[in-house]
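So the structure is just underneath, and the comments pick up after that.
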Amino acid sequence: MNWNAVETSFRLAMVTATILLFVGMPIAYWLTFSRLRWKFLLESVVALPLVLPPTVLGFYILVAMGPRSPFGQLYQTVVGHSLPFTFEGLVLASTLYSLPFAVQPLASAFAAVDVRLIEASWTLGVSPMGTFLRVILPRSFAGVITGMVLSFAHTLGEFGVVLMVGGNIEGVTRTISIDIYDEVQALNYHGAATTSLVLLVFSFVVLTLVYALNRKAWAAWPAMQR
Amino acid sequence: MAGDAAMRSGEKGESEGKNGLIAEIEKIYPSGACIQAAVGVPTDRSHVTVVFGPSGAGKSTVLRCIAGLELLSRGRISFNGEIWSDAESGIVVPPQRRLIGYLFQDYALFPHLTVKANVGYGLKGLSRKRYAQRVGEMLRLLQLEDLGDRRPNQLSGGQQQRVALARALVRRPRLLLLDEPLSALDAPMRQSLWWELDKLLREFGIPTVLVTHDWAEALALGDELVVLVAGKVLQVGRPEEVFARPARLEVATAVGVETIAVGRAAKRREGLVELQVGAAHLCAADPGVQADAFYVCIRAEDVTLETGGTSHSSARNHLSGKVVEMTPTDRGVLVVVDAGMRIEALVTRQAVKDLGLRMGDAVIAVVKASAIHLIPHGGSRRFAAHDFS
(Lines give C-alpha, C1' and ligand atoms only; values in the text may rest on other atoms or scores of the structure.)
Protein backbone atom coordinates (compact mmCIF):
# COMPACT_ATOMS: atom_id res chain seq x y z
CA MET A 1 0.00 0.00 0.00
CA ASN A 2 1.22 3.46 -0.91
CA TRP A 3 1.14 5.45 2.36
CA ASN A 4 2.18 8.59 0.54
CA ALA A 5 -1.01 8.44 -1.49
CA VAL A 6 -3.09 7.79 1.62
CA GLU A 7 -1.55 10.79 3.33
CA THR A 8 -2.12 13.04 0.29
CA SER A 9 -5.74 11.93 0.04
CA PHE A 10 -6.52 12.54 3.70
CA ARG A 11 -4.75 15.89 3.70
CA LEU A 12 -6.67 16.96 0.63
CA ALA A 13 -10.00 15.78 2.09
CA MET A 14 -9.35 17.54 5.38
CA VAL A 15 -8.42 20.88 3.82
CA THR A 16 -11.31 20.69 1.33
CA ALA A 17 -13.90 19.83 3.99
CA THR A 18 -12.71 22.72 6.19
CA ILE A 19 -12.85 25.22 3.34
CA LEU A 20 -16.26 23.92 2.30
CA LEU A 21 -17.61 24.42 5.79
CA PHE A 22 -16.96 28.15 5.53
CA VAL A 23 -17.76 28.53 1.84
CA GLY A 24 -20.83 26.30 2.06
CA MET A 25 -22.49 28.14 4.93
CA PRO A 26 -23.15 31.50 3.24
CA ILE A 27 -24.24 29.73 0.04
CA ALA A 28 -26.58 27.41 1.95
CA TYR A 29 -27.93 30.35 3.96
CA TRP A 30 -28.63 32.34 0.83
CA LEU A 31 -30.25 29.38 -0.94
CA THR A 32 -32.47 28.71 2.07
CA PHE A 33 -33.63 32.21 2.93
CA SER A 34 -33.45 34.20 -0.29
CA ARG A 35 -36.77 35.06 -1.88
CA LEU A 36 -35.22 36.09 -5.16
CA ARG A 37 -36.84 34.61 -8.23
CA TRP A 38 -33.50 33.75 -9.76
CA LYS A 39 -32.18 31.67 -6.93
CA PHE A 40 -32.81 28.44 -8.86
CA LEU A 41 -29.89 29.49 -11.08
CA LEU A 42 -27.44 29.27 -8.19
CA GLU A 43 -29.14 26.09 -7.04
CA SER A 44 -28.41 24.54 -10.42
CA VAL A 45 -24.80 25.72 -10.45
CA VAL A 46 -24.17 24.29 -6.98
CA ALA A 47 -25.79 20.98 -7.96
CA LEU A 48 -23.89 20.74 -11.26
CA PRO A 49 -21.03 18.56 -9.92
CA LEU A 50 -23.61 15.93 -9.00
CA VAL A 51 -24.42 15.23 -12.64
CA LEU A 52 -21.38 16.42 -14.61
CA PRO A 53 -18.68 13.83 -15.50
CA PRO A 54 -15.66 14.66 -13.33
CA THR A 55 -13.54 14.87 -16.44
CA VAL A 56 -15.72 17.66 -17.83
CA LEU A 57 -15.51 19.59 -14.59
CA GLY A 58 -11.79 18.89 -14.40
CA PHE A 59 -11.31 20.07 -17.94
CA TYR A 60 -12.95 23.42 -17.32
CA ILE A 61 -11.11 23.92 -14.07
CA LEU A 62 -7.84 23.10 -15.79
CA VAL A 63 -8.53 25.60 -18.55
CA ALA A 64 -9.60 28.22 -16.04
CA MET A 65 -6.43 27.75 -14.03
CA GLY A 66 -4.17 27.59 -17.06
CA PRO A 67 -1.61 30.28 -17.91
CA ARG A 68 -3.81 31.63 -20.73
CA SER A 69 -6.81 32.47 -18.56
CA PRO A 70 -6.97 35.79 -16.65
CA PHE A 71 -7.39 33.87 -13.38
CA GLY A 72 -4.37 31.68 -14.14
CA GLN A 73 -2.25 34.71 -15.03
CA LEU A 74 -3.31 36.55 -11.90
CA TYR A 75 -2.44 33.55 -9.74
CA GLN A 76 0.93 33.21 -11.44
CA THR A 77 1.83 36.86 -10.83
CA VAL A 78 0.71 36.81 -7.21
CA VAL A 79 2.02 33.42 -6.07
CA GLY A 80 4.88 32.93 -8.50
CA HIS A 81 3.94 29.56 -9.93
CA SER A 82 0.99 28.22 -11.88
CA LEU A 83 -1.92 26.40 -10.27
CA PRO A 84 -2.39 23.16 -12.26
CA PHE A 85 -0.58 20.05 -11.06
CA THR A 86 -0.09 21.45 -7.55
CA PHE A 87 -1.73 20.55 -4.27
CA GLU A 88 -3.39 24.00 -4.11
CA GLY A 89 -4.87 23.46 -7.54
CA LEU A 90 -6.22 20.15 -6.33
CA VAL A 91 -7.81 21.82 -3.29
CA LEU A 92 -9.55 24.39 -5.48
CA ALA A 93 -10.86 21.72 -7.84
CA SER A 94 -12.01 19.47 -4.98
CA THR A 95 -13.79 22.36 -3.31
CA LEU A 96 -15.85 22.99 -6.43
CA TYR A 97 -16.39 19.29 -7.02
CA SER A 98 -17.65 18.56 -3.49
CA LEU A 99 -19.65 21.79 -3.12
CA PRO A 100 -23.12 20.16 -3.32
CA PHE A 101 -22.14 17.61 -0.70
CA ALA A 102 -21.51 20.38 1.79
CA VAL A 103 -24.24 22.84 0.74
CA GLN A 104 -27.12 20.37 0.52
CA PRO A 105 -27.04 19.06 4.12
CA LEU A 106 -26.42 22.58 5.42
CA ALA A 107 -29.30 24.05 3.44
CA SER A 108 -31.74 21.35 4.49
CA ALA A 109 -30.67 21.77 8.12
CA PHE A 110 -31.15 25.55 7.95
CA ALA A 111 -34.54 25.10 6.31
CA ALA A 112 -35.62 22.79 9.12
CA VAL A 113 -35.09 25.49 11.76
CA ASP A 114 -38.46 26.79 12.99
CA VAL A 115 -39.10 30.19 11.39
CA ARG A 116 -40.71 31.38 14.62
CA LEU A 117 -37.38 31.04 16.41
CA ILE A 118 -35.69 33.19 13.79
CA GLU A 119 -38.44 35.80 13.96
CA ALA A 120 -38.37 35.74 17.75
CA SER A 121 -34.66 36.48 17.60
CA TRP A 122 -35.27 39.42 15.25
CA THR A 123 -37.96 40.91 17.47
CA LEU A 124 -35.50 40.63 20.37
CA GLY A 125 -33.20 42.99 18.51
CA VAL A 126 -30.64 40.47 17.30
CA SER A 127 -29.25 41.02 13.79
CA PRO A 128 -29.52 38.41 11.02
CA MET A 129 -25.85 37.52 11.52
CA GLY A 130 -26.32 37.19 15.28
CA THR A 131 -29.44 35.14 14.70
CA PHE A 132 -27.49 32.84 12.40
CA LEU A 133 -24.74 32.28 14.95
CA ARG A 134 -26.98 32.01 18.02
CA VAL A 135 -30.07 30.23 16.71
CA ILE A 136 -29.74 28.78 13.20
CA LEU A 137 -26.26 27.27 13.56
CA PRO A 138 -26.80 25.63 16.98
CA ARG A 139 -30.08 24.19 15.68
CA SER A 140 -28.28 22.81 12.56
CA PHE A 141 -25.50 20.92 14.29
CA ALA A 142 -26.33 17.56 12.66
CA GLY A 143 -26.40 19.21 9.23
CA VAL A 144 -22.99 20.80 9.77
CA ILE A 145 -21.44 17.47 10.76
CA THR A 146 -23.14 15.70 7.88
CA GLY A 147 -21.95 18.29 5.38
CA MET A 148 -18.36 18.09 6.58
CA VAL A 149 -18.25 14.30 6.68
CA LEU A 150 -19.85 13.92 3.27
CA SER A 151 -17.54 16.42 1.58
CA PHE A 152 -14.57 14.77 3.30
CA ALA A 153 -15.59 11.30 2.12
CA HIS A 154 -16.47 12.49 -1.36
CA THR A 155 -13.11 14.24 -1.78
CA LEU A 156 -11.36 11.12 -0.57
CA GLY A 157 -12.92 9.09 -3.36
CA GLU A 158 -12.58 11.47 -6.27
CA PHE A 159 -10.68 10.37 -9.35
CA GLY A 160 -11.47 12.16 -12.60
CA VAL A 161 -11.06 15.71 -11.39
CA VAL A 162 -7.82 14.88 -9.58
CA LEU A 163 -6.39 13.23 -12.65
CA MET A 164 -7.32 16.15 -14.90
CA VAL A 165 -6.18 18.95 -12.60
CA GLY A 166 -3.52 17.36 -10.42
CA GLY A 167 -1.92 14.82 -12.65
CA ASN A 168 -0.11 12.04 -10.89
CA ILE A 169 2.78 13.42 -8.88
CA GLU A 170 3.95 11.17 -6.07
CA GLY A 171 3.57 12.84 -2.66
CA VAL A 172 1.87 15.91 -4.12
CA THR A 173 -1.16 15.02 -6.18
CA ARG A 174 -1.22 11.22 -6.32
CA THR A 175 -4.29 10.26 -4.27
CA ILE A 176 -5.54 6.83 -3.20
CA SER A 177 -7.88 6.39 -6.16
CA ILE A 178 -5.16 7.25 -8.65
CA ASP A 179 -2.79 4.91 -6.91
CA ILE A 180 -5.32 2.10 -7.27
CA TYR A 181 -5.65 2.87 -10.99
CA ASP A 182 -1.88 2.78 -11.38
CA GLU A 183 -1.60 -0.54 -9.59
CA VAL A 184 -4.24 -2.08 -11.88
CA GLN A 185 -2.51 -0.67 -14.95
CA ALA A 186 0.69 -2.30 -13.71
CA LEU A 187 -1.24 -5.57 -13.20
CA ASN A 188 -0.45 -5.41 -9.46
CA TYR A 189 -3.92 -6.65 -8.42
CA HIS A 190 -2.85 -7.48 -4.91
CA GLY A 191 -1.82 -3.90 -4.08
CA ALA A 192 -4.97 -2.52 -5.70
CA ALA A 193 -7.15 -4.89 -3.70
CA THR A 194 -5.68 -3.85 -0.34
CA THR A 195 -6.04 -0.14 -0.99
CA SER A 196 -9.54 -0.59 -2.41
CA LEU A 197 -10.65 -2.50 0.65
CA VAL A 198 -9.30 0.21 2.94
CA LEU A 199 -11.23 2.87 1.01
CA LEU A 200 -14.40 0.75 0.94
CA VAL A 201 -14.36 0.11 4.68
CA PHE A 202 -13.60 3.72 5.45
CA SER A 203 -16.43 5.00 3.24
CA PHE A 204 -18.88 2.53 4.73
CA VAL A 205 -18.02 3.58 8.29
CA VAL A 206 -18.37 7.24 7.40
CA LEU A 207 -21.78 6.79 5.79
CA THR A 208 -22.97 4.68 8.71
CA LEU A 209 -22.02 7.53 11.01
CA VAL A 210 -23.80 10.09 8.84
CA TYR A 211 -26.99 8.04 8.66
CA ALA A 212 -26.96 7.40 12.38
CA LEU A 213 -26.67 11.13 12.94
CA ASN A 214 -29.11 12.37 10.35
CA ARG A 215 -31.52 10.12 8.51
CA LYS A 216 -32.28 12.59 5.77
CA ALA A 217 -28.71 13.11 4.67
CA TRP A 218 -29.23 11.88 1.15
CA ALA A 219 -32.73 13.05 0.36
CA ALA A 220 -31.56 15.02 -2.67
CA TRP A 221 -32.24 18.76 -2.31
CA PRO A 222 -35.18 18.61 0.05
CA ALA A 223 -36.98 21.54 1.61
CA MET A 224 -34.95 24.21 -0.12
CA GLN A 225 -38.09 26.20 -0.75
CA ARG A 226 -40.34 27.04 2.11
CA MET B 1 -64.48 54.24 10.71
CA ALA B 2 -61.48 53.06 12.62
CA GLY B 3 -59.26 54.74 10.05
CA ASP B 4 -60.95 58.06 10.77
CA ALA B 5 -60.37 57.60 14.46
CA ALA B 6 -56.70 56.83 13.93
CA MET B 7 -56.37 59.74 11.53
CA ARG B 8 -57.95 62.14 14.02
CA SER B 9 -55.74 61.05 16.86
CA GLY B 10 -52.83 61.39 14.45
CA GLU B 11 -53.62 65.03 13.74
CA LYS B 12 -54.03 65.77 17.39
CA GLY B 13 -50.86 63.90 18.25
CA GLU B 14 -48.60 65.74 15.84
CA SER B 15 -48.90 68.86 17.91
CA GLU B 16 -48.11 66.86 21.02
CA GLY B 17 -45.30 64.92 19.36
CA LYS B 18 -46.23 61.73 21.18
CA ASN B 19 -49.15 60.15 19.46
CA GLY B 20 -48.54 56.49 20.14
CA LEU B 21 -48.90 53.72 17.64
CA ILE B 22 -50.89 54.52 14.55
CA ALA B 23 -51.16 51.58 12.22
CA GLU B 24 -53.11 51.69 9.00
CA ILE B 25 -52.58 48.33 7.49
CA GLU B 26 -53.55 46.86 4.18
CA LYS B 27 -52.10 43.52 3.26
CA ILE B 28 -52.99 41.72 0.06
CA TYR B 29 -51.88 38.13 -0.31
CA PRO B 30 -51.12 36.50 -3.66
CA SER B 31 -54.19 34.34 -3.08
CA GLY B 32 -56.29 37.53 -3.23
CA ALA B 33 -57.10 37.58 0.47
CA CYS B 34 -57.06 41.14 1.75
CA ILE B 35 -56.73 42.41 5.27
CA GLN B 36 -57.50 46.01 6.15
CA ALA B 37 -57.23 47.32 9.65
CA ALA B 38 -56.49 50.48 11.57
CA VAL B 39 -55.17 50.06 15.05
CA GLY B 40 -54.15 52.81 17.44
CA VAL B 41 -52.53 52.59 20.85
CA PRO B 42 -51.77 55.60 23.03
CA THR B 43 -48.34 55.34 24.64
CA ASP B 44 -48.65 57.82 27.49
CA ARG B 45 -50.36 55.36 29.81
CA SER B 46 -50.95 51.67 30.33
CA HIS B 47 -53.31 50.69 27.56
CA VAL B 48 -54.29 47.37 26.03
CA THR B 49 -55.83 47.39 22.58
CA VAL B 50 -57.38 44.05 21.78
CA VAL B 51 -57.71 42.95 18.17
CA PHE B 52 -60.53 40.49 18.40
CA GLY B 53 -62.05 38.23 15.79
CA PRO B 54 -62.66 34.65 14.73
CA SER B 55 -59.65 32.65 13.58
CA GLY B 56 -58.68 33.41 10.01
CA ALA B 57 -59.80 37.03 10.30
CA GLY B 58 -56.25 38.33 9.80
CA LYS B 59 -55.45 39.22 13.40
CA SER B 60 -51.95 37.75 13.38
CA THR B 61 -51.17 39.53 10.13
CA VAL B 62 -51.97 42.85 11.81
CA LEU B 63 -49.55 42.03 14.62
CA ARG B 64 -46.84 40.81 12.24
CA CYS B 65 -47.10 44.02 10.20
CA ILE B 66 -46.72 46.12 13.35
CA ALA B 67 -43.68 44.05 14.34
CA GLY B 68 -42.12 44.46 10.90
CA LEU B 69 -42.18 40.75 10.17
CA GLU B 70 -44.55 41.35 7.27
CA LEU B 71 -44.45 44.05 4.60
CA LEU B 72 -47.45 46.28 3.95
CA SER B 73 -49.18 46.25 0.59
CA ARG B 74 -50.59 49.68 1.35
CA GLY B 75 -50.76 51.93 4.37
CA ARG B 76 -48.41 53.18 7.01
CA ILE B 77 -47.36 52.43 10.56
CA SER B 78 -45.86 55.03 12.82
CA PHE B 79 -44.90 55.07 16.46
CA ASN B 80 -44.69 58.35 18.37
CA GLY B 81 -44.11 60.16 15.10
CA GLU B 82 -41.37 57.76 13.95
CA ILE B 83 -42.30 55.98 10.73
CA TRP B 84 -41.95 52.20 11.03
CA SER B 85 -43.47 51.11 7.74
CA ASP B 86 -44.68 53.11 4.79
CA ALA B 87 -45.77 51.21 1.71
CA GLU B 88 -45.71 54.33 -0.48
CA SER B 89 -42.14 55.43 0.18
CA GLY B 90 -40.93 51.89 0.83
CA ILE B 91 -39.65 52.71 4.31
CA VAL B 92 -39.35 49.64 6.50
CA VAL B 93 -37.65 49.77 9.88
CA PRO B 94 -36.46 46.20 10.56
CA PRO B 95 -37.99 44.44 13.59
CA GLN B 96 -34.62 44.65 15.34
CA ARG B 97 -34.79 48.44 15.55
CA ARG B 98 -38.43 48.80 16.64
CA LEU B 99 -37.70 47.87 20.26
CA ILE B 100 -40.86 45.84 20.66
CA GLY B 101 -41.71 42.81 22.73
CA TYR B 102 -43.44 40.09 20.72
CA LEU B 103 -45.07 37.11 22.35
CA PHE B 104 -45.63 34.33 19.84
CA GLN B 105 -48.65 32.08 20.07
CA ASP B 106 -46.49 28.99 20.62
CA TYR B 107 -43.96 31.10 22.59
CA ALA B 108 -41.02 30.23 20.28
CA LEU B 109 -38.58 29.68 23.12
CA PHE B 110 -35.09 28.69 22.02
CA PRO B 111 -34.98 24.94 22.73
CA HIS B 112 -31.18 24.82 22.92
CA LEU B 113 -30.94 27.50 25.60
CA THR B 114 -31.74 27.47 29.32
CA VAL B 115 -34.50 29.62 30.78
CA LYS B 116 -31.90 32.18 31.90
CA ALA B 117 -30.27 32.33 28.48
CA ASN B 118 -33.68 32.61 26.83
CA VAL B 119 -34.66 35.54 29.04
CA GLY B 120 -31.33 37.29 28.55
CA TYR B 121 -31.18 36.61 24.81
CA GLY B 122 -32.12 40.11 23.70
CA LEU B 123 -29.97 42.02 26.23
CA LYS B 124 -26.82 43.53 24.84
CA GLY B 125 -24.10 45.95 25.76
CA LEU B 126 -24.38 45.16 29.46
CA SER B 127 -21.62 44.14 31.84
CA ARG B 128 -21.79 40.58 33.09
CA LYS B 129 -23.04 41.84 36.44
CA ARG B 130 -25.75 44.09 35.01
CA TYR B 131 -26.85 41.29 32.69
CA ALA B 132 -27.23 38.84 35.57
CA GLN B 133 -29.09 41.50 37.57
CA ARG B 134 -31.58 42.23 34.81
CA VAL B 135 -32.24 38.55 34.10
CA GLY B 136 -32.52 37.73 37.81
CA GLU B 137 -34.91 40.61 38.39
CA MET B 138 -37.15 39.45 35.57
CA LEU B 139 -37.09 35.80 36.70
CA ARG B 140 -38.13 36.94 40.18
CA LEU B 141 -40.95 39.10 38.85
CA LEU B 142 -42.41 36.21 36.90
CA GLN B 143 -41.75 33.62 39.59
CA LEU B 144 -39.24 31.69 37.54
CA GLU B 145 -36.26 31.84 39.92
CA ASP B 146 -36.14 28.09 40.52
CA LEU B 147 -36.35 27.28 36.82
CA GLY B 148 -33.41 29.33 35.55
CA ASP B 149 -31.28 26.37 34.54
CA ARG B 150 -34.03 24.31 32.93
CA ARG B 151 -34.62 23.89 29.21
CA PRO B 152 -37.95 24.89 27.64
CA ASN B 153 -38.97 21.25 27.09
CA GLN B 154 -38.80 20.72 30.86
CA LEU B 155 -41.42 23.42 31.53
CA SER B 156 -45.21 23.35 31.72
CA GLY B 157 -47.25 25.44 29.28
CA GLY B 158 -47.83 28.17 31.85
CA GLN B 159 -44.14 28.33 32.74
CA GLN B 160 -43.19 28.55 29.07
CA GLN B 161 -45.61 31.42 28.66
CA ARG B 162 -44.00 33.27 31.57
CA VAL B 163 -40.50 32.69 30.18
CA ALA B 164 -41.59 34.06 26.81
CA LEU B 165 -43.11 37.08 28.52
CA ALA B 166 -39.97 37.63 30.61
CA ARG B 167 -37.84 37.41 27.48
CA ALA B 168 -39.98 40.06 25.78
CA LEU B 169 -40.19 42.37 28.81
CA VAL B 170 -36.53 42.28 29.90
CA ARG B 171 -35.53 44.67 27.11
CA ARG B 172 -38.09 47.22 28.34
CA PRO B 173 -39.86 47.38 25.00
CA ARG B 174 -41.75 50.46 23.87
CA LEU B 175 -44.66 48.36 22.68
CA LEU B 176 -45.81 44.88 23.56
CA LEU B 177 -47.42 42.63 20.95
CA LEU B 178 -49.18 39.53 22.25
CA ASP B 179 -50.42 36.90 19.81
CA GLU B 180 -53.08 34.76 21.51
CA PRO B 181 -50.97 34.78 24.69
CA LEU B 182 -53.03 32.23 26.57
CA SER B 183 -54.56 30.07 23.85
CA ALA B 184 -51.95 27.32 24.18
CA LEU B 185 -53.03 26.72 27.79
CA ASP B 186 -56.02 24.77 29.05
CA ALA B 187 -59.15 26.59 30.15
CA PRO B 188 -58.91 26.61 33.97
CA MET B 189 -55.29 27.76 33.79
CA ARG B 190 -56.18 30.42 31.26
CA GLN B 191 -58.67 32.13 33.52
CA SER B 192 -56.31 32.37 36.47
CA LEU B 193 -53.64 33.75 34.17
CA TRP B 194 -55.85 36.56 32.84
CA TRP B 195 -55.64 38.35 36.13
CA GLU B 196 -51.93 37.70 36.42
CA LEU B 197 -51.30 38.98 32.92
CA ASP B 198 -53.59 41.96 33.48
CA LYS B 199 -51.75 42.86 36.68
CA LEU B 200 -48.40 42.53 34.94
CA LEU B 201 -49.39 44.69 31.98
CA ARG B 202 -50.63 47.43 34.35
CA GLU B 203 -47.47 47.14 36.44
CA PHE B 204 -45.15 47.60 33.49
CA GLY B 205 -47.43 50.14 31.90
CA ILE B 206 -46.23 49.18 28.44
CA PRO B 207 -48.76 49.92 25.70
CA THR B 208 -49.96 46.62 24.33
CA VAL B 209 -51.67 45.19 21.29
CA LEU B 210 -53.22 41.83 22.09
CA VAL B 211 -54.73 39.47 19.55
CA THR B 212 -57.32 36.93 20.60
CA HIS B 213 -60.33 34.97 19.38
CA ASP B 214 -61.54 34.40 22.95
CA TRP B 215 -64.09 37.07 23.82
CA ALA B 216 -63.82 36.42 27.55
CA GLU B 217 -60.09 37.12 27.31
CA ALA B 218 -60.76 40.29 25.32
CA LEU B 219 -63.24 41.43 27.95
CA ALA B 220 -60.86 40.66 30.81
CA LEU B 221 -57.76 42.35 29.40
CA GLY B 222 -58.82 45.02 26.91
CA ASP B 223 -59.15 48.79 27.29
CA GLU B 224 -60.18 49.10 23.68
CA LEU B 225 -61.54 46.51 21.32
CA VAL B 226 -61.04 46.34 17.56
CA VAL B 227 -63.33 43.73 16.05
CA LEU B 228 -61.78 42.20 12.94
CA VAL B 229 -63.91 39.88 10.83
CA ALA B 230 -62.81 38.53 7.43
CA GLY B 231 -60.07 41.12 7.09
CA LYS B 232 -62.21 44.15 7.91
CA VAL B 233 -62.64 46.20 11.08
CA LEU B 234 -66.33 46.17 11.96
CA GLN B 235 -66.41 47.95 15.29
CA VAL B 236 -64.10 49.81 17.65
CA GLY B 237 -64.91 50.70 21.22
CA ARG B 238 -64.68 49.85 24.87
CA PRO B 239 -64.96 46.06 25.27
CA GLU B 240 -68.05 46.15 27.50
CA GLU B 241 -69.71 48.52 25.06
CA VAL B 242 -68.95 46.32 22.05
CA PHE B 243 -70.14 43.20 23.83
CA ALA B 244 -73.32 44.80 25.09
CA ARG B 245 -74.09 46.74 21.94
CA PRO B 246 -72.59 45.10 18.86
CA ALA B 247 -73.12 47.42 15.90
CA ARG B 248 -73.58 44.71 13.30
CA LEU B 249 -74.82 41.17 12.99
CA GLU B 250 -71.28 39.90 12.25
CA VAL B 251 -69.98 41.52 15.42
CA ALA B 252 -72.79 40.04 17.49
CA THR B 253 -71.92 36.60 16.12
CA ALA B 254 -68.20 37.12 16.66
CA VAL B 255 -68.56 38.27 20.27
CA GLY B 256 -70.65 35.19 20.98
CA VAL B 257 -74.10 36.63 21.61
CA GLU B 258 -76.07 33.44 22.25
CA THR B 259 -79.53 34.46 21.09
CA ILE B 260 -79.76 36.28 17.79
CA ALA B 261 -83.12 36.34 16.02
CA VAL B 262 -84.96 38.56 13.59
CA GLY B 263 -87.86 40.54 15.03
CA ARG B 264 -90.47 42.74 13.44
CA ALA B 265 -91.27 46.01 15.20
CA ALA B 266 -94.99 45.97 16.04
CA LYS B 267 -95.46 49.02 18.23
CA ARG B 268 -93.35 51.76 19.75
CA ARG B 269 -94.25 53.60 22.93
CA GLU B 270 -92.64 55.27 25.91
CA GLY B 271 -89.12 54.44 24.86
CA LEU B 272 -89.96 50.82 24.26
CA VAL B 273 -90.38 48.75 21.11
CA GLU B 274 -92.68 45.78 20.98
CA LEU B 275 -91.39 43.09 18.69
CA GLN B 276 -92.75 39.98 17.12
CA VAL B 277 -90.03 37.33 17.13
CA GLY B 278 -91.20 34.01 15.74
CA ALA B 279 -94.27 33.19 17.83
CA ALA B 280 -93.06 35.25 20.77
CA HIS B 281 -93.54 38.86 21.75
CA LEU B 282 -90.68 40.83 23.18
CA CYS B 283 -90.36 44.26 24.64
CA ALA B 284 -87.06 46.04 24.17
CA ALA B 285 -85.60 49.46 24.84
CA ASP B 286 -86.05 51.64 21.76
CA PRO B 287 -82.67 52.09 20.06
CA GLY B 288 -83.97 55.29 18.47
CA VAL B 289 -83.40 53.99 14.98
CA GLN B 290 -86.27 53.75 12.54
CA ALA B 291 -86.48 50.28 11.09
CA ASP B 292 -89.20 47.72 10.50
CA ALA B 293 -87.06 44.79 11.44
CA PHE B 294 -84.23 44.26 13.89
CA TYR B 295 -81.74 41.62 14.84
CA VAL B 296 -82.64 40.84 18.42
CA CYS B 297 -79.55 40.08 20.51
CA ILE B 298 -79.78 38.64 24.00
CA ARG B 299 -76.80 37.49 26.03
CA ALA B 300 -77.38 34.24 27.88
CA GLU B 301 -76.17 35.87 31.13
CA ASP B 302 -79.07 38.32 30.95
CA VAL B 303 -81.76 35.65 30.86
CA THR B 304 -83.11 34.29 34.15
CA LEU B 305 -85.17 31.13 34.42
CA GLU B 306 -88.14 30.60 36.73
CA THR B 307 -90.32 27.56 37.25
CA GLY B 308 -94.00 27.41 38.25
CA GLY B 309 -96.39 30.22 39.31
CA THR B 310 -96.67 33.69 37.86
CA SER B 311 -94.00 35.73 39.48
CA HIS B 312 -94.10 39.48 39.56
CA SER B 313 -90.95 41.33 38.68
CA SER B 314 -89.92 44.56 37.04
CA ALA B 315 -88.56 42.70 34.03
CA ARG B 316 -90.71 43.39 30.96
CA ASN B 317 -90.42 39.98 29.32
CA HIS B 318 -91.73 36.71 30.73
CA LEU B 319 -91.63 34.01 28.07
CA SER B 320 -93.15 30.63 28.86
CA GLY B 321 -91.55 27.71 27.14
CA LYS B 322 -89.91 24.33 27.42
CA VAL B 323 -86.33 23.32 28.08
CA VAL B 324 -85.05 21.73 24.87
CA GLU B 325 -81.32 21.61 25.43
CA MET B 326 -78.92 21.74 28.37
CA THR B 327 -75.18 22.04 27.79
CA PRO B 328 -72.67 22.31 30.63
CA THR B 329 -69.92 24.85 29.85
CA ASP B 330 -67.06 26.24 31.91
CA ARG B 331 -69.16 29.32 32.65
CA GLY B 332 -72.25 27.39 33.81
CA VAL B 333 -75.07 25.46 32.21
CA LEU B 334 -76.39 26.80 28.92
CA VAL B 335 -80.13 26.11 28.80
CA VAL B 336 -82.03 26.48 25.54
CA VAL B 337 -85.70 27.31 25.95
CA ASP B 338 -88.27 27.03 23.18
CA ALA B 339 -90.71 29.86 23.89
CA GLY B 340 -92.06 30.49 20.43
CA MET B 341 -88.52 31.63 19.75
CA ARG B 342 -85.33 29.93 20.71
CA ILE B 343 -83.77 31.68 23.66
CA GLU B 344 -80.61 30.70 25.54
CA ALA B 345 -80.02 31.23 29.25
CA LEU B 346 -76.87 30.79 31.30
CA VAL B 347 -77.51 29.49 34.79
CA THR B 348 -75.22 28.15 37.48
CA ARG B 349 -74.99 24.43 38.19
CA GLN B 350 -76.42 25.11 41.66
CA ALA B 351 -79.44 26.86 40.17
CA VAL B 352 -80.09 23.92 37.86
CA LYS B 353 -80.05 21.67 40.91
CA ASP B 354 -82.24 23.96 43.02
CA LEU B 355 -84.84 24.34 40.29
CA GLY B 356 -84.61 20.64 39.47
CA LEU B 357 -84.36 21.53 35.81
CA ARG B 358 -84.76 18.68 33.32
CA MET B 359 -85.27 18.44 29.60
CA GLY B 360 -88.85 19.16 28.63
CA ASP B 361 -89.66 21.09 31.82
CA ALA B 362 -91.90 24.13 31.55
CA VAL B 363 -89.99 27.30 32.46
CA ILE B 364 -90.37 31.03 32.22
CA ALA B 365 -87.47 32.93 30.69
CA VAL B 366 -87.23 36.41 32.17
CA VAL B 367 -85.44 39.19 30.31
CA LYS B 368 -85.26 42.90 31.08
CA ALA B 369 -86.14 45.18 28.21
CA SER B 370 -82.81 46.95 28.61
CA ALA B 371 -80.93 43.66 28.19
CA ILE B 372 -82.26 43.24 24.68
CA HIS B 373 -80.00 44.86 22.11
CA LEU B 374 -81.43 45.68 18.70
CA ILE B 375 -79.43 45.97 15.49
CA PRO B 376 -81.38 47.45 12.58
CA HIS B 377 -82.01 44.80 9.96
CA GLY B 378 -80.24 45.74 6.74
CA GLY B 379 -83.23 45.01 4.53
CA SER B 380 -81.17 44.12 1.49
CA ARG B 381 -80.82 40.61 2.81
CA ARG B 382 -83.84 38.94 4.32
CA PHE B 383 -83.35 36.44 7.07
CA ALA B 384 -86.00 34.26 8.51
CA ALA B 385 -86.01 33.96 12.27
CA HIS B 386 -84.99 30.33 12.15
CA ASP B 387 -81.74 31.19 10.37
CA PHE B 388 -80.34 32.17 13.71
CA SER B 389 -82.11 29.79 15.99
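Naming convention: chains lettered A, B, ... in sequence-line order (proteins, then strands); numbering from 1 in each chain.
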Output the option from A:T123, A:L124, A:T131, A:L117 having the highest count of non-hydrogen pairs under 4.5 Å with chain B. A:L124
Assess whether atom CZ of A:F59 is packed by more than 12 heavy atoms of other residues, nucleotides or ligands within 6.0 Å. no
Is B:Y121 in contact with chain A via its backbone, its side chain, both, or neither, using a 4.5 Å heavy-atom distance? both
In terms of heavy-atom pairs under 4.5 Å with chain A, which of B:A108, B:G101, B:A67, B:A168 leads? B:A108
With side-chain hydrogen bond (donor to acceptor under 3.5 Å, both in side chains) as the test, would you mind laying out the steps for A:T155 and A:S98 before giving the verdict? CA-CA 7 Å; A:T155 307; A:S98 293; 3.1 Å; yes
The interface call for A:R139 against chain B, heavy-atom contacts under 4.5 Å, is side chain
Would you call the rings of A:F152 and A:F202 parallel, tilted or perpendicular if under 30° counts as parallel and over 60° as perpendicular? tilted
Can you tell me how the ring of A:H154 sits relative to the ring of A:F101, calling it parallel under 30°, perpendicular over 60° and tilted otherwise? parallel
Would a line drawn from the ring center of A:F132 to the ring center of A:F33 be shorter than 6.0 Å? no
Side chain, backbone, both or neither: which part of B:L123 has a non-hydrogen atom closer than 4.5 Å to chain A? neither
Interface moiety of B:R98 toward chain A, non-hydrogen atoms closer than 4.5 Å: neither
Can you tell which part of B:R167 gets under 4.5 Å to a heavy atom of chain A, answering side chain, backbone, both or neither? both
What do you reckon, is NE2 of B:H112 surrounded by more than 12 foreign heavy atoms closer than 6.0 Å? yes
